[in-house]
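Below is one structure, written out as structure tokens; comments come after it.
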Amino acid sequence: MTGNSFSVSGYGPERSGWTRLFARDSLARRLDWPILFSAIALSLIGAALVYSATRNRTELNQGDPYYFLLRHLLNTGIGFALMIGTVWLGHRTLRTAVPILYGISVVLILLVLTPLGATINGAHAWIVIGGGFSLQPSEFVKITIILGMAMLLAARVDAGDKPHPDHRTVVQALGLAAAPILIVLLMPDLGSVMVMVVIVLGVLLTSGASNRWIFGLIGTGALGAIAVWQLGVLDEYQINRFAAFANPELDPAGVGYNTNQARIAIGSGGLLGTGLFKGSQTTGQFVPEQQTDFVFTVAGEELGFVGAGLIILLLGVVLWRACRIARETTELYGTIVAGGIIAWFAFQAFENIGMTLGIMPVAGLPLPFVSYGGSSMFAVWVAVGLLQSIRVERPMSA
């Protein structure tokens with residue numbers, strides 16, 4: 001299978017209907033169904049949690065208890081359509097469009113720094129479209145960084161000219177990633193920057209680049225973090241978040257309020273939870289941003305350890321199957337793309353859940369597939385489409 005066609009060998013016009021759909025070499029048989037079912041299940045669980053967190057929030061839902069629920073389902077539907085479109089185009093076709101996609105994503109994040117940009121929840125990282133909708137371009141930058149670095153690092157290896165990326169190619173790939181990361185840092189959107197840096201590490205690890213680059217990048221990142229802190233790039237609210245993480249008892253009614261209330265909500269759920277829509281912390285609206293960054297607290301309180309564990313299990317299935325796709329593909333480009341997505345999903349999920357448990361600083365990152373938010377939902381479903389395309393387009397064994 002190549003390009004934007006679903007044709008495969010032995011897949012002639014005489015085969016149609018259900019026989020054609022479920023033939024051994026058909027699209028339906030090539031899809032990774034565990035990833036697809038897990039992502040759908042996470043999105044639907046997220047819909048229930050978002051509804052529970054917002055049905056009584058009249059100051060947010062404009063008097064409509066179903067306001068956020070319907071939008072979450074709409075975002076999921078659009079994301080699913082984007083996934084289908086990504087599979088139809090194919091990751092190889094998107095490979096040829098990387099320069100265009102990269103240019104568009106850079107322009108969009110630059111627009112955030114203009115008067116078109118808007119501040120939401122303390123982060124100046126949005127473009128307000130109108131009609132209650134907004135766009136967070138940094139979510140799509142994660143995808144273009146993965147595709148762009150993969151294109152550069154795999155070009156000569158897949159062509160058979162090199163056994164692994166050389167130093168010059170690695171420098172070019174890092175330069176490609178550095179430009180949008182620095183722009184996002186200027187917003188400043190520290191959470192997205194953290195994810196992007198982890199993506200870069202994941203891409204380099206799966207590309208076969210020298211370990212010296214990995215250790216060098218980790219060291220550079222540590223020095224960069226110190227420099228960012230010392231130069232005052234971070235806003236005061238971001239500094240306060242790190243201070244509250246270092247000292248959870250610091251100002252429990254102020255900077256430490258979110259994490260303290262999050263832990264109370266999760267701790268009160270016990271093994272089986274208080275029951276959906278019956279959580280006192282959620283109903284009482286004690287946890288801020290509970291439909292977005294702190295949606296996991298709804299699961300912990302109302303679904304308990306079992307329900308919260310199910311979310312982690314489903315995320316684990318997505319990561320497990322993504323690892324299989326990365327291992328089984330025969331081209332380095334596909335391996336790198338899958339590796340970047342794995343790094344992205346794994347770190348963002350760990351950071352989001354970790355900050356609700358108090359083991360990670362609050363960084364304003366959504367829980368993949370579960371949190372409310374259009375840009376994040378669209379981006380993760382496009383990533384699922386890329387994973388499916390890599391699996392669908394790999395050669396079938398005899």
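FYI, side chains are in, hydrogens and waters are out, and symmetry mates aren't considered; it's all heavy atoms of this structure. Residue numbers count from 1 along this sequence. No experiment lies behind these values; they were computed from the predicted model shown.
- Of the possible polar contacts, one joining the Asp32 side chain to the Ile35 backbone as a donor-acceptor pair under 3.5 Å is found.
- Listed by first then second residue, pairs satisfying salt bridge (charged side-chain N to carboxylate O under 4.0 Å, His left out) with a partner in residues 367-387 number zero, not counting sequence neighbours.
- Checked by atom type and distance alone, the side chain of Thr206 pairs as donor or acceptor with a backbone atom of Gly202 at under 3.5 Å.
- Residues satisfying the side chain to side chain contact (heavy atoms under 4.5 Å, CB included) test with Val317, not counting sequence neighbours, are Pro34, Ser38, Trp320, Arg321.
- Residue-environment remark: CD1 (Ile312) exceeds the threshold of 12 foreign heavy atoms within 6.0 Å.
- A donor-acceptor pair under 3.5 Å is absent between the side-chain atoms of Gln291 and the main chain of Tyr372, judged by distance alone.
- Remark: the Gln281 side chain and the Thr297 side chain contain no N/O donor-acceptor pair separated by less than 3.5 Å.
- Formation of a donor-acceptor pair under 3.5 Å by the Thr76 side chain with backbone atoms of His72 is found in this model.
- Applying the side chain to side chain contact (heavy atoms under 4.5 Å, CB included) rule to Asn61 yields the partners Thr58, Tyr67, Phe68; only residues at least two apart in sequence or on another chain are considered.
- No more than 12 heavy atoms of other residues, nucleotides or ligands sit less than 6.0 Å from atom CZ of Phe305.
- With hydrogens and angles left out, the side-chain atoms of Gln290 and Thr282 include a donor and acceptor closer than 3.5 Å.
- Residues passing the ring pair (Phe, Tyr, Trp, His ring centres under 6.0 Å) test with Tyr102, sequence neighbours excluded: none.
- When only modelled atom types and interatomic distance are considered, Gln388 and His91 share no side-chain donor-acceptor pair under 3.5 Å.
- The backbone N or O of Gly148 sits nowhere less than 3.5 Å from a side-chain atom of Arg95 that would complete a donor-acceptor pair.
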Sequence neighbours excluded and cut-off under 3.5 Å, please list the side-chain donor-acceptor pairs for residues 341-358, or say none.
from, atom 1, to, atom 2, distance (Å)
Trp344, NE1, Gln348, OE1, 3.2
Gln348, OE1, Lys142, NZ, 2.9
Gln348, NE2, Pro366, O, 3.1
Asn352, ND2, Asp293, O, 2.9
Asn352, ND2, Leu365, O, 2.6
Thr356, OG1, Ile353, O, 2.6

With a cut-off of 3.5 Å and sequence neighbours excluded, list every side-chain donor-acceptor pair involving residues 167-174.
from, atom 1, to, atom 2, distance (Å)
His167, ND1, Trp213, NE1, 2.8
His167, NE2, Arg212, NH2, 3.3
Thr169, OG1, Asp166, OD1, 2.6

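- Under the 3.5 Å distance criterion, the side-chain polar atoms of Arg57 are left unmatched by any main-chain donor or acceptor of Pro65.
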